[in-house]
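Notes to accompany the following structure.
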Amino acid sequence: MTSDLGPDLTEWPADFAERYRRDGYWRDRTLDDLLRQWAADYADRTAVVDGDRRWTYVELERRVGGLAARLHGLGIGRGDRVVVQLPNKAEFVVLCFALFRLGAQPVLALPAHRANEITYLCQTSDAVAYVVADRQAGFDYRDLAREALRAAPALKHVLVVGDPAEFEPLETGAGEVGDLPSTGLASEVALFLLSGGTTGLPKLIPRTHNDYAYNLEASARVCGFDENTVYLAALPIAHNFPFGCPGMLGTFCVGGTVVLAPSPAPPDTFPLIERERVTVTALVPPLALLWMEAVKWAGRDLSSLSVLQVGGAKFKPEAAARVRSTLDCQLQQVFGMAEGLLCYTGLDDPDDVVVGTQGRPMSPADEIRVVDVDGNEVAPGELGELHTRGPYTLRGYYRAAAYNARAFTADGFYRTGDLVRVTETGHLVVEGRVKDIINRGGEKISAEEVENHLLAHPAVRDAALVGMPDDVLGERTCVYVLPRGDAPTLPDLVAFLRSRGLADYKLPDRLEVVDAFPGTGVGKVSKKDLMADITAKLAAGR
Ligand code: OOB
């Protein structure tokens, strides 16, 4: 089968595509083909739970058919982009699959995105439609839609879940019928994910049906998902991790049940875990730390939870080691990226591997290289930047030729910007970002290393070390601390770090105690915002 992704997209070279097919990674089924198969195989099992709504696989598929027919009636079809910005609601699920059926391409924005990102996404993708909820968490998304309409001339439709105001309602009623055939090829783009960069605007990541189908099915296998899996979507569902790693889609492919949580906060999630007997969920490290605290006073029965996946940012060993004793479940570390590559620790890996590494590439076809600043491979076990390519890792961002020239090697490896070393067992340990090194008068300080030590301090729940501008040294260090109980002082922390044998230049120069960290859209700590905060404080003479 040929594919023609168009001039703005970088395809896999033909010989790679051929190999991925021959070796069974790409099976030329669209995500809509998968949905139809699931509806046939798992008919009356519960697919989705959202509050009081519980839909079987058959019912989900029927609603997808109805919505696809209606979107088709609006003129939305193959190759059209639709910016989707919805909270964890059943409508999100129906909409994504309706778009897959039409061969239209959802651009998955996060609820935290605002005018800056949304107008950029609508413009860059030439979106014909933008789908939002009316209001959520005190924010009115219809205001955002008005801005997007002004800024993006290609935008023809705004569809709203809830009160549509002057826009069109997005209804996913059970009464609607539709029997449109599947449109488009499995080699075409199924959806666009956004890069998780903590600087600048997110870039669009094209994911084809073939590559994403493999992504979710292989993930489900590696993570041992089966028909008894009850997956709690606690993180924003539009993020790759809860969406397809294995997440919601990986749960569907084995006939399990997906429970949608309105937020990842313990008061929203713990009662759901108890009520629905949730078996597995995924969190970013700041949330995992919060859950480990909250479980002590929540008084909820979380005994059904057997696996907690943590990824998205480094889950430091000091914290990872406490998962079993606090939450009474198994930890699985996940090192992944919207660009593709996924690494998981195995459910039967020994404790030191689960606590101390970020897992192993999930596919035999994942190729990885660890290179030095000159691009030469380092000796086994040495630290370097991770480059990767494989059957579900992109070959280029969408409409970003100039950026792509830097982000990929000549032979198609994606430069992740992550600093890793590979252990003897083939597991990766992430030691930071290429740029998460603070340069204090020439002495290089790894933020990760200092943060990990600080997590061992009894009065520290979480810590983030950032550089702050300094006339003499260029940069000094400031540590932001989320306290546990009484806040520590800088001398406390310095004495503590010294007692753990840290070199003097690594000791933080300044402490800021906060009650929350600024987050990225998916809840990772935003160091960019912390740096802006400390820079502003210094400029104001504070
Ligand atoms: C996931 O995806 P993105 O696209 O939001 O962010 C990817 C980046 C990675 O390049 C790396 O810098 C960081 O996030 N990261 C980790 C990590 N997992 C992701 N850094 C250290 N340790 C980890 N375990 O974040 C994502 C996508 C799919 C599954 C899980 C996470």
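Along the sequence shown, residues carry numbers from 1. We count ligands from 1, going down the list as the structure has it; atoms in each ligand are counted the same way.
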Original post:
Closest approach of Glu475 and Gly467, non-hydrogen atoms and distance?
Top reply: OE2-CA, 3.7 Å

Original post:
Side chains of Tyr231 and Val259: does their closest heavy-atom pair fall under 4.5 Å?
Top reply: no

**OP:** Heavy-atom distances under 4.0 Å are what count here, so tell me which part of Val284 touches ligand 1: side chain, backbone, both or neither.
**Re:** neither

Original post:
Does Lys524 reach ligand 1 with a nitrogen or oxygen that is under 3.5 Å from one of the ligand's nitrogen or oxygen atoms?
Top reply: yes

Subject >> Proximal ligand 1 atoms for Lys314, defined as those under 4.0 Å from one of its heavy atoms >> reply: 20 (N), 21 (C), 22 (N)

Original post:
So, Arg207 side chain and Ala338 main chain: donor-acceptor pair closer than 3.5 Å or not?
Top reply: yes

**OP:** With atom 23 (C) of ligand 1 as the reference point, say which of Gly359, Ala313, Gly311 has the nearest heavy atom.
**Re:** Ala313

Original post:
In terms of side-chain geometry, is the basic nitrogen of Arg369 or Glu385 positioned less than 4.0 Å from the acidic oxygen of its partner?
Top reply: no

Subject >> Per-residue contact class, Gln333 against ligand 1 - non-hydrogen pairs under 4.0 Å >> reply: neither

Original post:
Side chain, backbone, both or neither: which part of Ala338 comes within less than 4.0 Å of ligand 1 when only heavy atoms are counted?
Top reply: both

Subject >> Heteroatom distance test (Asp418, ligand 1): nitrogen or oxygen, under 3.5 angstrom >> reply: yes

Original post:
Which pair of non-hydrogen atoms, one from Tyr397 and one from Ala407, has the smallest distance, and what is that distance?
Top reply: CE1-CB, 4.2 Å

Subject >> Qualifying residue, where the test is salt bridge (charged side-chain N to carboxylate O under 4.0 Å, His left out) with Lys316 and the options are Glu451, Glu431, Glu449 >> reply: Glu451

Subject >> Location of contacts on Met337 toward ligand 1, heavy atoms closer than 4.0 Å >> reply: both

Subject >> Numbered atoms of ligand 1 (with element) below 4.0 Å of Asn240, judged on heavy atoms >> reply: 27 (C), 28 (C)

**OP:** Could you list the atoms of ligand 1 found under 4.0 angstrom from a heavy atom of Arg433?
**Re:** 10 (O), 12 (O)

Original post:
Quick one: does Leu507's side chain get under 4.5 Å of Leu493's, heavy atoms only?
Top reply: no

Original post:
Between Tyr414 and Phe408, how do the two ring planes meet: parallel, tilted or perpendicular, split at 30° and 60°?
Top reply: tilted

Original post:
Quick one: does ligand 1 sit under 4.0 Å from the side chain of Val334, the backbone, both or neither, non-hydrogen atoms only?
Top reply: both

Subject >> Geometric N/O contact His239 with ligand 1, under 3.5 angstrom >> reply: yes

